[in-house]
Each structure stands twice: as structure tokens, then as C-alpha cells.
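Proteins get letters first, then strands, A, B, ... in listed order; numbering begins at 1 in each. All values reported here derive from a predicted model rather than from experimental measurement.
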Amino acid sequence: MEKGRNLAMSAWLGHLVARRDLLYMLTWRDIRIKYKQSIMGFLWAILLPMVIVLAGVVVRYAFSWITRAPLALADIASVSVRAVPWAFFVSSIRFASTSLVSNRDLVTKIYLPREIFPIAAMLSQLVDFAVAAVVMLVVLAVLGVGASVELLWVPGLVIILVLLTTGLGILLSAASLFFRDVKYLVEVVLTFAIFFTPVFYDARMFGLWAPVLMLNPIAPLLEGFANAVVLHTAPPIAWLGYSTGVSLVTFFAALRVFHKLEPYFAESA
Amino acid sequence: MTDIVMRLDGVYKKFRKGEMYDSLRDLIPALTGRLLRGSGGDALAPREFWALQDVTFGVERGEAFGIIGNNGAGKSTILKLLSGIMRPTRGTLQVNGRLSALIEVSAGFHPDLTGRENIYLNGTILGMTRAEIRRRFDAIVAFSELEEFIDTPVKRYSSGMFARLGFSVAAHVEPDVLIVDEVLSVGDYLFQQKCLERMNEIMTGGATVVFVSHNLRAVSTLCSRALLLDHGRVITIGPSNEVIKTYLTRGHGARAAEPASDIRITAVSLGAPQSSRVTFETDEFLDITVEAAARSPHEDMSVVLQIVDGNQYPVFDTCTQRLGAGPLALAAGETLTCTFRVQLRLAQGTYHVNAFLHRYVTDRPFDRWLSAATFFIAGTPTVRGVVNLAPSLITCEKAMLTGRLAAPAPVAG
């Protein structure tokens with residue numbers, strides 16, 4: 001049974017690799033459409049993270065005013081480091097969950113491995129993420145946040161984040177094809193999720209209640225980014241393991257569900 | 001041992017009429033219902049119907065196979081199953097080799113992208129790699145005849161240009177199995193001819209073609225075998241001309257409305273009795289027989305024979321009166337059989353035969369039968385259009401221009 005599943009998995013990967021040019025072109029299309037006829041161009045990539053950082057600074061300033069502790073540079077750096085991956089997560093989910101519906105013509109009229117659409121949607125956001133990350137790193141370097149060997153955690157954290165985002169994106173893309181209300185549900189959740197996720201604040205500020213916050217699988221990842229880049233310490237390993245587990249399960253479960261539903265796509269879209 | 005590229009075995013496909021469950025609120029009662037009833041399977045729930053029932057056929061390598069039938073017969077459903085967009089409810093389906101579908105060839109276009117960008121995008125969607133597209137790029141653009149507009153966003157294209165670009169990309173995929181659905185209705189006449197030629201090229205290249213069309217002439221000339229579908233069931237499979245004949249006679253067996261008059265045309269047939277030929281050569285002689293029967297006495301009649309082209313445009317008509325038969329009369333219970341002989345001085349195309357029973361003087365029809373028979377004129381390489389004016393080339397010579405127009409003026413200085 002386990003072996004059969006692995007075999008199916010490698011066949012699936014082979015299938016996807018065979019259509020890598022399609023994946024490339026769809027990702028390219030999504031990026032091209034976004035920046036064509038736009039005045040801001042690549043500034044769009046850093047707009048959402050910048051807005052989140054600004055909001056975070058406001059919140060942090062309020063915290064420091066209440067607690068009468070001075071607002072430290074490390075706090076602002078921490079908010080910035082959390083804002084960029086969070087922006088990637090939010091826009092990927094938003095974009096990926098509508099990817100099948102907005103490509104309805106291709107889904108109903110031409111045969112393609114359909115998971116390519118949410119994956120391409122995620123990849124196009126990953127490019128924005130890369131742009132924003134480079135800008136953020138430059139800003140942090142200028143602000144004097146040094147480097148350390150802990151930065152080596154970052155690629156691993158990104159991989160887990162991508163896995164989780166892709167899994168959720170694939171699942172939600174199929175769900176929105178069948179039910180139009182999924183789109184609105186996703187909007188509501190994404191709008192308020194920032195309050196339940198340690199972006200503006202650190203999980204440890206909640207003391208005993210911190211573990212409850214960490215149950216959100218993104219939380220350990222964001223804590224990890226902040227630890228590695230700003231505090232130069234390792235991520236919370238146990239919680240990171242939990243996140244990795246949730247991401248893997250989400251990803252593989254999403255693929256299974258997606259493939260179970262795929263025969264009905266053309267009739268329901 | 002024949003080489004089967006594509007095989008459908010006892011394929012059934014169920015569809016649902018009306019609204020699907022579009023919101024979560026509708027889902028829960030539906031799921032509960034499904035759990036109570038079981039997964040469904042062969043039984044039809046209310047509002048469900050069979051789009052295909054027990055469809056079985058195989059297509060051999062290198063064969064051109066046609067699928068014909070009325071709208072809603074299930075032709076497009078078969079193509080959707082073959083191309084993998086949908087899966088059959090029951091039965092098995094097998095396709096060996098790289099399959100490419102000329103269905104909705106411009107579905108992958110994005111209006112904001114240029115022609116060039118869309119060629120790459122649509123090419124990869126249709127299964128080519130970027131390297132393959134780069135190699136064939138010039139051929140694709142040349143085929144589409146859109147060189148000037150290739151860097152213009154396709155939202156500024158006319159619908160004809162849009163379709164041409166779509167077909168050009170799809171026509172260069174070089175598949176093992178090519179599926180074609182009515183794309184030949186795109187573009188102008190010349191572009192349609194070009195598409196047919198390109199399909200012929202793909203077929204001579206050894207590809208297998210499955211062709212769905214209402215264009216019976218194209219089916220008859222391109223396909224060696226065909227399948228006739230009616231309400232999701234296979235009526236007959238065989239040589240394409242015989243299948244087309246079956247289709248045409250089935251369709252005409254039932255005339256729309258009983259004429260009020262109790263005299264009527266009972267049969268219109270082409271060629272010798274029992275002949276199943278529907279494709280003829282230009283200039284060939286063809287006998288067209290019109291039969292009529294009367295239940296009460298009728299006098300002062302003439303039989304009119306009209307031939308219209310594929311667009312229902314009248315090409316020719318004649319009648320017994322003009323041919324010197326005088327007024328015809330039938331007593332109750334009598335039948336009339338008139339055989340007209342015509343020489344088919346027609347160009348390649350589809351033609352329909354209309355028959356009328358007129359009153360001799362007033363031209364008021366007692367009965368009429370439109371498209372009572374259909375026939376095709378096979379390829380006429382020298383002429384296009386409707387009539388064959390039997391052209392020949394008398395002179396075609398070269399000579400030198402004299403005077404001012406002879407050569408460009410020498411550059412001064």
C-alpha cells in the first residue's frame with residue numbers, strides 16, 4: 001500500500017516534470033499579466049509587505065507606549081521579517097484558490113494536469129516573495145541587523161512554507177470550483193488571520209498561552225524566520241517539526257483529494 | 001493483427017440537467033441523499049440522463065475516422081472523453097500515443113498578451129515544449145498569415161485572426177492522434193482550404209485522425225470510416241460514404257409536417273435503384289427519381305426539381321412542364337415516377353435536392369420536400385465555386401515591357 005502510493009507519487013512528479021514548460025509559461029503569464037500596463041511594476045511585489053510592516057510598526061508602537069518600554073529596532077526588524085513570508089502566504093492562497101475558476105476555459109476544454117494552475121499561481125507569488133525578500137534583506141543590512149550561521153535555516157523554512165501554501169492552494173482551488181462561497185470564506189479568513197498569527201507580535205508575548213498560538217502551522221515558521229534573521233537563534237525545533245508534519249500531511253492529502261475530484265472538474269466548472 | 005491506437009469499450013456517460021450544487025448550503029442535502037441512495041452507478045437519478053450509451057469502437061493507426069450525428073447526439077462528449085477532459089461513467093477507454101485536440105484551439109489565449117507570447121503560451125498548453133515552439137515558430141506565424149500583427153496584443157485581433165492563430169499553433173503540434181471538432185468553420189474560404197490541406201499533411205505523416213463535423217463533404221473526403229451517433233447510441237459504423245448515406249436517409253425518413261394535401265412526394269432517390277453512392281465526379285450524368293402518390297384525383301400538375309448548394313443557395317431548377325411533359329394528372333390511388341437526368345457541371349462541394357409538386361398554372365405547390373437528398377461533388381482541382389465552367393488555358397506567355405514602364409528610372413547623379 002505504502003509502496004503503491006510512493007509509486008503513484010513519483011509518476012505524478014514525472015508527469016509534472018514532463019510539463020515543466022507549461023508550468024513555466026503559466027507562471028510567466030501570471031507575472032506578465034500583473035506587470036503589463038501597470039505603472040508601479042515591480043513595486044507591487046513589495047507593496048503588500050510594506051503595508052503589513054507599517055501596520056505592524058503602529059501596533060508595536062502602541063504596545064511600547066502601554067508597557068512604557070522603548071520601541072527597539074529589533075522589534076521593527078522582527079515585524080518586517082514576519083511580514084514578507086506572511087504576504088507571500090496570503091497572496092498565494094488568494095490567487096491559487098481562484099486559479100481553476102479563472103482558467104475555466106482551459107479546465108473544461110483542454111486536458112491538462114490541472115494541479116498546474118494552483119502551483120503556477122503559487123510560483124508567480126514566489127517570484128514576488130523573492131523580490132520582496134531581497135529588498136528586505138538590503139534594508140535590514142542597512143539598519144545594521146547582522147548575519148549569522150542561523151540564516152541557513154531560512155531556505156528550509158521557505159520550503160516548508162511553500163509546501164503548506166501549495167497544499168492549501170490546491171485544496172482550495174478545487175473547492176472553489178465546486179462551491180462559489182469558498183472564495184468569500186477564504187477572503188474572510190485571510191483578512192482576519194493576521195490577528196491569530198504572530199506577525200505583529202511574538203508568540204512568547206502570550207506567555208502560558210503561546211502554545212495555543214503555535215498550533216497555527218504558520219506560527220512556528222514565522223517565529224523561525226524572526227529567530228534566524230533577527231535574533232540569530234535557532235527556530236523552536238519541536239514546533240517546527242509540528243509545522244513540517246502538518247505541511248506534509250496537508251500537501252499529500254490535498255493532492256489525493258484533488259485527484260479524486262478531478263474527473264468532475266469539467267462538469268462542475 | 002491490426003494496430004489499434006484508440007479503443008472505447010462499452011462506454012457510458014451520465015450527465016445531469018439543470019443546476020449543479022453551487023454553494024455549500026446545497027451540498028449537505030445532496031450528500032445526504034447520495035448516502036441514502038448509495039453511489040448511484042447505473043441507476044438514473046431524477047434530472048440525470050445518458051449522454052452516451054454502450055459506445056464501442058476502435059480506430060487503427062494512420063486511419064481517419066469520422067463521427068457524425070445531429071446536435072446533441074454525443075459527438076463532443078466522445079471527444080471530451082478521448083482527450084481526457086472527462087472520464088466515462090462506465091466502460092473502458094484507451095488511447096496510445098501523444099494526443100492533440102483541435103478543439104477550442106484558442107482557449108489558452110490571454111487577450112493582454114501579444115500574438116508571439118500567445119503562441120508560446122498556447123503551444124505549451126497544447127503539449128509542445130518551448131524548444132519545439134522555437135523551432136516551429138516561423139512556420140506557425142507564416143501559416144497564420146499574421147506576421148504584421150504578431151507583436152500586437154490579441155485583444156485587438158478580429159475573431160477571424162484569433163481563430164487563425166489558434167489553429168496555426170494547434171496544427172503544428174505533430175501528434176500521434178489528432179482530434180478535430182468543427183474547427184474548419186474558422187476563417188475565410190481560403191484559410192479553410194489551407195486547414196484541410198494541413199490536416200491531410202498530418203494524416204500522410206502517419207497520424208491517426210478523429211474528425212467530428214457537420215460538414216459531411218469533409219468527412220466523406222477525409223475519412224475512410226465513420227460512426228453515426230444518435231441520442232448517445234451508435235447507429236452504424238462502416239465506410240464513411242455508407243454511414244453518411246444512412247445518416248441522410250434517416251434524417252429524411254421523417255418529414256417535419258404532413259402536408260395538408262392528400263397528394264405527396266413519397267421518395268426522392270439518386271442514381272440507379274438501391275445505389276448508395278453519394279459522391280460523384282464533376283460532369284458525370286446523374287439520374288434523380290421523384291416519386292409521388294395521390295389519395296384523391298389531381299390534375300394540372302408538374303414536378304419541379306431544384307438543386308441548392310451547401311448554403312441553400314439555388315443553383316439550378318427544372319420541371320416536367322419546361323421539359324415538355326405537359327400537365328400531369330393522377331387518379332386516386334395512382335403513383336407517379338419521374339426520372340430526371342442531369343449532367344453535374346458543378347464544382348467541388350455539397351448539394352441538396354429539393355422536389356416540388358406544383359400546379360401547372362399557378363405555381364402553388366401541392367407538396368414540397370426540401371433537402372430530400374444530398375450529394376457531393378468530389379475534388380475538382382481546376383475550379384472552385386459552384387459551377388464547373390470547364391476552363392482551359394489558351395495562352396500564358398511572357399513579353400518585355402516597352403516604353404516608360406519598362407524599367408525603374410536610373411538614379412540621377
Measuring centre to centre across the rings, with the benzene-like ring taken for any Trp, is [X] within less than 6.0 Å of [Y]?
X       : Y        : result
A:Trp44 : A:Tyr35  : no
B:Phe57 : B:Phe65  : yes
A:Phe89 : A:Phe129 : no

What part of A:Leu112 is in contact with chain B, defined as an atom under 4.5 angstrom from a non-hydrogen atom: side chain, backbone, both or neither?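 The side chain, not the backbone.
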Taking B:Ile125, B:Leu126, B:Thr129, B:Leu79 one by one, which has the highest count of heavy-atom pairs under 4.5 Å against chain A?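 Highest number of heavy-atom pairs under 4.5 Å: B:Ile125.
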Looking at B:Leu99, B:Ile133, B:Leu113, B:Asp112, which makes the most heavy-atom pairs under 4.5 Å with chain A?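 The candidate making the most pairs under 4.5 Å is B:Leu113.
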Which of the residues A:Arg32, A:Glu262, A:Arg114 is involved in the greatest number of heavy-atom pairs with chain B at under 4.5 angstrom?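 The option with the most such pairs is A:Arg32.
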Which one, A:Asp105, A:Leu22, A:Leu23, leads in non-hydrogen pairs under 4.5 Å with chain B?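 That would be A:Leu22.
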Is the backbone N or O of A:Ser91 less than 3.5 Å from a side-chain atom of A:Arg94, with the two atoms forming a donor-acceptor pair by type?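 No, the answer is negative, given that no donor and acceptor are paired below the 3.5 Å cut-off.
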Does NZ or CZ of B:Arg130 fall inside the cone over A:Tyr24's six-membered ring, less than 6.0 Å from its centre and within 45° of the axis?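 Because its charged atom sits under 6.0 Å from the ring centre and within 45° of the axis, B:Arg130 does stack over A:Tyr24.
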